[in-house]
Amino acid sequence: LLLNSVLLLFCHQGIFWSCRQSIFEEMQKRFSQIESAAEEPRVLCIVQDTTSAKTINERLTLNLPASTPVNKLYEDVAHKAGYVNGTFYLTWANTGAMAPLDQASEMSLVLSGFEAGKRNFLQLTDKDGEQPQITSVTDSSGVDDSSQGRFIGPLPRDGTVGCSSDYSSPSYSYSSILNKSETGYVGLVNQAMTCYLNSLLQTLFMTPEFRNALYNWEFEESEEDPVISIPYQLKRLFVLLQTSKKRAIETTDVTRSFGWDSSEAWQQHDVQELCRVMFDALEQKWKQTEQADLINQLYQGKLKDYVRCLECGYESWRIDTYLDIPLVIRPFGASQAFGSVEEALQAFIQPETLDGPNQYFCERCKKKCDARKGLRFLHFPYLLTLQLKRFDFDYTTMHRIKLNDRMTFPEELDMSPFIDVEDEKSPQTESCTDSGAENEGSCHSDQMSNDFSTDDAVDEGICLDNTSSAERVLKPKSSLTFELFSVMVHSGSAAGGHYYACIKSFSDSQWYSFNDQHVSKVSQLASVLKEYSTNAYMLMYRLKDPSRNAKFLEVEDFPEHIKRLVQRERESEEQEKRQREIERNTCKIKLFCIHPVKMMMTENKLEVHKDKTLREATEMAYKLMDLDGVVPLDCCRLVKYDEFHEYLERSYEGEEDMPMGLLLGGVKSSYMFDLLLEIRRPDQMFQPYKPGEVMVKVHVVDLKSESIAAPVSVRAYLNQTITEFKQLIAQATGLCAETMRVVLERCYNDLRLLYVPNKTLKAEGFFRSNKVFVESSDSTDHQAVFTDSVLWKLLDRHGNTIRLFVSLPEQSPGSLANRTSCPKASADSEDSFDGAKGSRKSVEAILEESTEKLKNLSLQQQQQQQQHQQQSSSTSDSQKSSEHSDFEHIESPAQEPDAASQPSQTENSTRAASDTENQFPSEERSDSDVNNDRSTSSVDSDILSSSHSSDTLCNADSGPLPLANGLDSHSITSSRRSKAHEGKKETWDTAEEDSGTDSEYDENGKSKAEAQYLYFKAEPYSQEDGSGEGQKCLLVHVDKRITLAAFKQNLEPFVGVPSTQFKVFRVYANNQEFESVRLNETLSSFSDDNKITIRLGRALKKGEYRVKVYQLLVNDPEPCKFLLDTVFAKGMTVRQSKEELLPQLKDQCKLDISIDRFRLRKKTWKNPGTVFLDYHVYEEDINISSNWEVFLEVLEEPERMKSMSQLAVLTRRWCPAQMKLEAFREVVLESSSVEELKEKLSELSGIPLENLEFAKGRGTFPCDMSVLEIHQDLDWNPKVSTLNVWPLYICDDGAVIFYRVSTEELMELSEEERNELMKKESSRLLKTGHRVSYSPRKEKALKIYLDGGPTKDPGQD
């Protein structure tokens, strides 16, 4: 027996160890799988739902292991999108031609073409033309209602628009609101940030007494517009919430009745504030009706505000009313919060003792006595509303905060301990009448003063009768038990968050979570009481009274007017459902047409039912494009069209009776192609377009007339040879195929001669849409190398020629003869010009001195270069005479038209500078804006014309030519190009970098570069202005590779003055103008139809800079004042520039000052900087840059700044006893010593050195700030010995220093004086714009407009 026992024991132990080993191996296997899964690469799938227009912007993101099979991908997408698996397809997003992924495939994602570690874009499309079936919440989640009920908080969000930047409302598609929730309740759609409204509306809807009373009120449409009737829209919303079959409904009709526009949906508001304002609006609307006192009957309570004398027992009191009780979460100054609602209620009625300086003046004792002040509840409403004041203000950070302390609240709340049961008034108390609804119907105590509503002038409309006659009889304590039925929750911070509500249904006592459009069950009440104890914001309790507790009205018990409303809403919903069904079966596709009258490409959207035939769709497109009466219907047809490539993909011969759904590949939210309504002439036949063909636009080139014809469309196959392609072109154009040269333009100006006969079009690089140039003649140009041929030069010119509109100055050139000096003027004229200035040197003289050395060094090189050019020109001219005979003449408007030696057209090919060896670095850019005030230098002002309008320029497009097949491809191209130009917005960033003025000419105006022949052709063009007079304009066709210098030289005959005496301004969007001054740069940044304005005035030379001069007025409200524009030159001293400025200041600014009584100083935005000394030289001592700005400061005394080692600071005395600042005074320091600064300030003000304190100003000059802040906010008397260290960092002139007397006390201000001074300072700082302070987002007041909307001041913008 013992042996058997031992054997049995060993047997059991063996089984135990074997089981343990198997469990261990299984766990090891699981761990290894987890480790391998963690190390496995992931595949990121981004799925776009294209099944409807409502979901086209939705993206589903899945991060799956690379070994995931394709069928599992389908399951995950179906689960996440809420669709039934098997009712949709997944296709690749990068191409629409590929077949969908196999739904039954067991192949892994990597083997199916997915890339690990990268984003893989897919599209969710419909299956067999039917949209995916939407699954219910239970089906999509795979859990029952009980499991869903465990989730209490806000539902997960996908980053869609919500209530704030921190919290957003749950994402939803339009299709998701079509099916009602399985809970039987309907949600509310969040417009943007209206979650607070949704929470309150659902709470009121779930209140039987309020809902039933609203149903019993009958709306009289004859008395009020239903659109602006708040009670009617609420009733209509409640009817939809009770009877609709949708998952969620909109609240836009309710908000529209509030008088709100769409912007209100983006405003965050407080739910308690909304409750109070909406109740007031309902009372106003319900006046003189049975529901006039409904709000007071349901929500209004009473309390007594009393003060009792502790010496004689005399009590003074008044009765106030309230609609909600605000409970403090954490008392002021306390670190511990109240733990429960009962504790907060007890603290609410806890009296406070008034003693010491807060003693109460007793009417009976006739003196100040200690007293006790507090509140007593006299009556509780039927529906008790508690607001938990979670929003507070932190006085240490001066910011609003939210208190997330835990405060428990019971399911049943006994309010009997908090009510005053004294039925008789004490003989010592003083009777007081009811105060009504002061302070917006809320309780009146210090604890309740911190309310969200700030508009004290708004009357809530709650009126009570006299206390002695209308005070309700108090209920016994046993009947003051309230049951919780609504918890409105705020999740987030004080800056923003999200509201949702957890509400108990009185029908089945079940709790539900109402989170905007999502409604779900909450399984246990305990979870509500626990989870929401840290973020519950408003609590709704109902008195437990069987005699008053109501039940919801059922549909069959509705009043007749509600039944009629239900019937209307059902019919409307059915109509909406039918419309949705039609929309689901409607194909929406882009439609294009070249209108035969407008001769331009027009675009529209064709919406056709999928069962309509192609013939019916063509008729619809015919009417949509307004072609009735223009062309016959049988001259129109629909073809498949690719707008991007301007390519006709195919035509539909013999398919006129096929349904559009099959023809377009089903109903889709977007298509990869478009439709074109093609039009033919009655004598033409439609050309068939077959799939696989390519479209070629053929331009015929005529070498004799040097013209390029409008394109002709030819269709070919990619497998055709060049020889076969030439035969097609010969048939379309009538040219000879034997002598034909075909040039393909593969991309912009990339020309390729197609000369291999047996090479296919595909091998030559043809694509869907192509552009070729053909020429067929018997000239010897065929024998030349293509890049040296006339054909290539003509095509090259054609590809680089742009059309510009040039606006000329109105002033005639002859009137300028006596006031301008040309570069060819004699030395005597220059001397006479300089003699007018006395001994002062002009800008030209300074330039001549600074560049004389450079001229001497380069003179020999220039002479050698000119000799070389003369030798080479004799040979090159003979070689190119036949090629360029038409481009070598310049004809000006002054030339005689009948001269035999001149051509008849104003066509010219000019020499453009291209010598890179003589280019100089960029030095200057001069900008000018037509919207800004302009002043000009003395050199410019006397030659500028009075009118510089550039608004009268316009475009002149040549008309398109019809093609043989009825399709005007030139119009397609032109329309395409004009669209691109219209969509292109030119801003300052697109302006050319005119940062230098490198000269292409020597002092005689001769070109220093090698000669190139570039195309230039100008034609006079007149544009009528508003006065009926024509603006002088030129229509210029020019090679954009021409330099600005050569371009200006070609414009000389038309402007009438040398190129050095006029300026070129490029006109951008909004008529903004910028001067182009870089002479060595080409016009490559210009494009077709750009506008140019020519203004008379001396153009900048090399080393010159246009400078804006501002006057510095340190003690004026606006310290920066623009004076004029002038020109400074490299090598000029500051004193020389001041001499140049004197006559300009006198003539243009009426400022007559001597040269020693003003200074120039650096300007950095509005801040004055370094003082420039007279002997400083520009570009050597002073860095001068493009668009330079400088301050001119008038001095009251001779200049004290003599050396760069000195430091000039601006000081201002602060007088705290008078609350004012004295004027600025300049102090010049010999060093950066703080001691020296104090000594100078003491000497200046008479303040003893030991009592003097100073501080550095903050911000932009003049460092202005409120006088209420300057005494405390500045860093007074910093502990440093030098000015150039932290925290001062005063290293340059212009710093602002405030100083004061340390012993001077700040003026004492009363509250009224402080408020008045604060208003004045705010107004002053607002005008100057110098206030820099923390400014949180201004919250918009919540208002409900009873008349349908706010009244807007007609004079208000």
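Computed from a prediction, not measured in an experiment: that's the story for all the values here.
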(message) Would the distance check show the side chain of Asp1293 and the main-chain N or O of Ala1208 forming a donor-acceptor pair, the cut-off being under 3.5 Å?
(response) yes
(message) Give me the atom names and distance for the closest heavy-atom approach of Leu1210 to Pro1168.
(response) CD1-CG, 4.4 Å
(message) For Arg1225 and Arg1212: C-alpha separation, side-chain torsions, deciding distance, then whether side chain to side chain contact (heavy atoms under 4.5 Å, CB included) applies.
(response) CA-CA 6 Å; Arg1225 301 180 68 178; Arg1212 200 171 189 186; over 6 Å; no
(message) Using side-chain heavy atoms (C-beta onward) and a distance below 4.5 Å, is Tyr1105 in contact with Tyr1178?
(response) no
(message) What I want to find out is whether Glu1253 reaches Arg1300 closely enough, with some N-O distance under 4.0 Å, to be called a salt bridge.
(response) yes
(request) Answer yes or no: is there a donor N or O on one side and an acceptor on the other, between the side chain of Thr1164 and the main chain of Asn1167, under 3.5 Å? (result) no
(request) Measure the NZ-CG distance between Lys1146 and Asp1152 for me, rounded to the nearest 0.5 Å. (result) 4.5 Å
(request) Ignoring hydrogens and angles, state whether a donor on the side chain of Asn1183 or Lys1162 is under 3.5 Å from an acceptor on the partner side chain. (result) no
(message) Assess the residue pair Glu1313 and Met1219 against the criterion (side chain to side chain contact (heavy atoms under 4.5 Å, CB included)); give the C-alpha distance rounded to whole Å, side-chain angles, the decisive distance to 0.1 Å, and a yes or no.
(response) CA-CA 12 Å; Glu1313 291 174 337; Met1219 298 289 286; over 6 Å; no
(message) For a quick check under 3.5 Å, do Asn1284 and Ser1232 share a side-chain donor-acceptor pair by atom type?
(response) no
(message) Would you call the rings of Trp1188 and Phe1172 parallel, tilted or perpendicular, taking 30° and 60° as the class edges?
(response) parallel
(request) For Gln1136 and Gly1131, work out which heavy atoms get closest and say how close. (result) OE1-O, 4.4 Å
(message) Do the side chains of Glu1311 and Arg1314 get close enough for a salt bridge, i.e. N-O under 4.0 angstrom?
(response) no
(message) Within the 4.5 Å heavy-atom criterion, are Leu1249 and Leu1241 side-chain neighbours or not?
(response) no
(message) Quick check: do Cys1263 and Lys1256 have side-chain heavy atoms less than 4.5 Å from each other?
(response) no
(message) Working note: Leu1244 + Tyr1299, criterion side chain to side chain contact (heavy atoms under 4.5 Å, CB included); need CA distance, chi angles, decisive distance, verdict.
(response) CA-CA 11 Å; Leu1244 181 68; Tyr1299 65 96; 4.2 Å; yes
(message) Is any side-chain heavy atom of Lys1063 closer than 4.5 Å to one of Arg1106?
(response) yes
(request) Could you check if a side-chain atom of Arg1098 sits within less than 4.5 angstrom of a side-chain atom of Val1127, using non-hydrogen atoms only? (result) yes
(message) Working note: Ser1085 + Arg1066, criterion side-chain hydrogen bond (donor to acceptor under 3.5 Å, both in side chains); need CA distance, chi angles, decisive distance, verdict.
(response) CA-CA 11 Å; Ser1085 63; Arg1066 183 174 178 180; 3.1 Å; yes
(request) Give a yes or no on whether Glu1308 atom CD has more than 12 heavy-atom contacts from other residues, nucleotides or ligands under 6.0 Å away. (result) no
(request) Would you confirm whether Lys1240, through its side chain, and Val1228, through its main-chain N or O, come within 3.5 Å as a donor-acceptor pair? (result) yes
(message) Closer than 3.5 angstrom, by distance alone: can the side chain of Glu1081 be matched with the main-chain N or O of Arg1078 as a donor-acceptor pair?
(response) no
(message) Can you confirm whether more than 12 heavy atoms, excluding those of Glu1305, are under 6.0 Å from its CD atom?
(response) no
(request) Could you tell me whether a side-chain N or O of Asp1116 sits under 3.5 Å from a main-chain N or O of Pro1119, the two making a donor and an acceptor? (result) no
(message) Would you say the rings of Phe1224 and Phe1298 are close, in the sense that their centroids are separated by under 6.0 Å?
(response) no
(request) Answer whether the closest heavy-atom distance between the side chains of Val1107 and Asp1125 falls below 4.5 Å. (result) no
(request) Please confirm whether the backbone N or O of Lys1220 pairs with a side-chain atom of Gln1218, one donor and one acceptor, at under 3.5 Å? (result) no
(message) Between Ser1322 (side chain only) and Met1318 (backbone N and O only), is there a donor and an acceptor less than 3.5 Å apart?
(response) yes
(message) Any non-hydrogen side-chain atom of Val1190 less than 4.5 Å from a side-chain atom of Arg1161?
(response) no
(message) For Ala1255 versus Leu1274, what's the shortest heavy-atom pair and its separation?
(response) CB-CB, 3.9 Å
(message) Checking Ile1094 against Phe1065 for the side chain to side chain contact (heavy atoms under 4.5 Å, CB included) test, could you report, in this order, the C-alpha distance in whole Å, the side-chain angles of both residues, the deciding distance, and whether it holds?
(response) CA-CA 6 Å; Ile1094 304 299; Phe1065 290 87; over 6 Å; no
(request) May I ask you to decide if the ring planes of Phe1122 and Tyr1110 are parallel, tilted or perpendicular, using 30° and 60° as cut-offs? (result) perpendicular
(request) Please examine the side chains of Pro1278 and Leu1288, heavy atoms only from C-beta on, and report whether any two atoms are closer than 4.5 Å. (result) yes
(message) Could you tell me if Ser1231 and Ser1233 have a donor-acceptor pair between their side chains, going purely by distance under 3.5 Å?
(response) no
(request) Say whether Thr1126 and Gln1144, considering side chains only, have a donor N or O and an acceptor N or O under 3.5 Å apart. (result) yes
(request) Mind listing the closest non-hydrogen atom pair of Leu1229 and Leu1237 along with its distance? (result) CD2-CA, 3.9 Å
(request) Could you tell me whether the side chains of Gln1111 and Glu1193 share a donor-acceptor contact shorter than 3.5 Å? (result) no
(message) Among Glu1199, Lys1202, Arg1135, which residue satisfies the side-chain contact (heavy atoms from CB on, under 4.5 Å) criterion with Asp1174?
(response) Arg1135
(request) Taking all heavy atoms of Arg1324 and all of Ser1266, pick out the closest pair and write down the distance. (result) NH2-CA, 4.4 Å
(request) Decide, yes or no, whether a salt bridge links Asp1156 with Lys1138 under the criterion of side-chain N to carboxylate O below 4.0 Å. (result) no
(message) Between Glu1180 (side chain only) and Val1177 (backbone N and O only), is there a donor and an acceptor less than 3.5 Å apart?
(response) no
(message) If you compare all heavy atoms of Ser1242 against all heavy atoms of Ile1247, which two are closest, and at what distance to 0.1 Å?
(response) OG-O, 2.5 Å
(request) Test Glu1197 against Arg1200 for salt bridge (charged side-chain N to carboxylate O under 4.0 Å, His left out), laying out the working first. (result) CA-CA 8 Å; Glu1197 55 186 14; Arg1200 292 182 293 166; 3.1 Å; yes
(request) Taking Lys1163 for its side chain and Trp1165 for its backbone only, find out whether a donor-acceptor pair lies under 3.5 Å. (result) yes
(message) Please determine whether salt bridge (charged side-chain N to carboxylate O under 4.0 Å, His left out) holds for the pair Lys402 and Asp392, giving the CA-CA distance in whole Å, both sets of side-chain angles, and the decisive distance to 0.1 Å.
(response) CA-CA 6 Å; Lys402 184 188 175 187; Asp392 205 347; over 6 Å; no
(message) So does Lys1101 get a backbone contact from the side chain of Glu1104, meaning a donor-acceptor N/O pair under 3.5 Å?
(response) yes
(request) Kindly compute the distance separating OG1 (Thr1133) from CG (Leu1173), expressed to the nearest 0.5 Å. (result) 11.5 Å
(request) State yes or no: are the ring centers of Tyr1068 and Phe1074 separated by less than 6.0 Å? (result) yes
(message) Please determine whether side-chain hydrogen bond (donor to acceptor under 3.5 Å, both in side chains) holds for the pair Asn1315 and Lys1320, giving the CA-CA distance in whole Å, both sets of side-chain angles, and the decisive distance to 0.1 Å.
(response) CA-CA 9 Å; Asn1315 291 336; Lys1320 290 181 180 179; over 6 Å; no
(request) Output, in order, the C-alpha distance, side-chain angles, deciding distance and verdict of salt bridge (charged side-chain N to carboxylate O under 4.0 Å, His left out) for Lys1319 and Glu1316. (result) CA-CA 5 Å; Lys1319 291 180 181 179; Glu1316 186 66 24; 5.1 Å; no
(message) Within this structure, what is the OG-CG distance for the pair Ser1076 and Leu1044, rounded to the nearest 0.5 Å?
(response) 6.0 Å
(request) Indicate yes or no: does Glu1226 engage Arg1159 in a salt bridge with an N to O separation below 4.0 Å. (result) yes
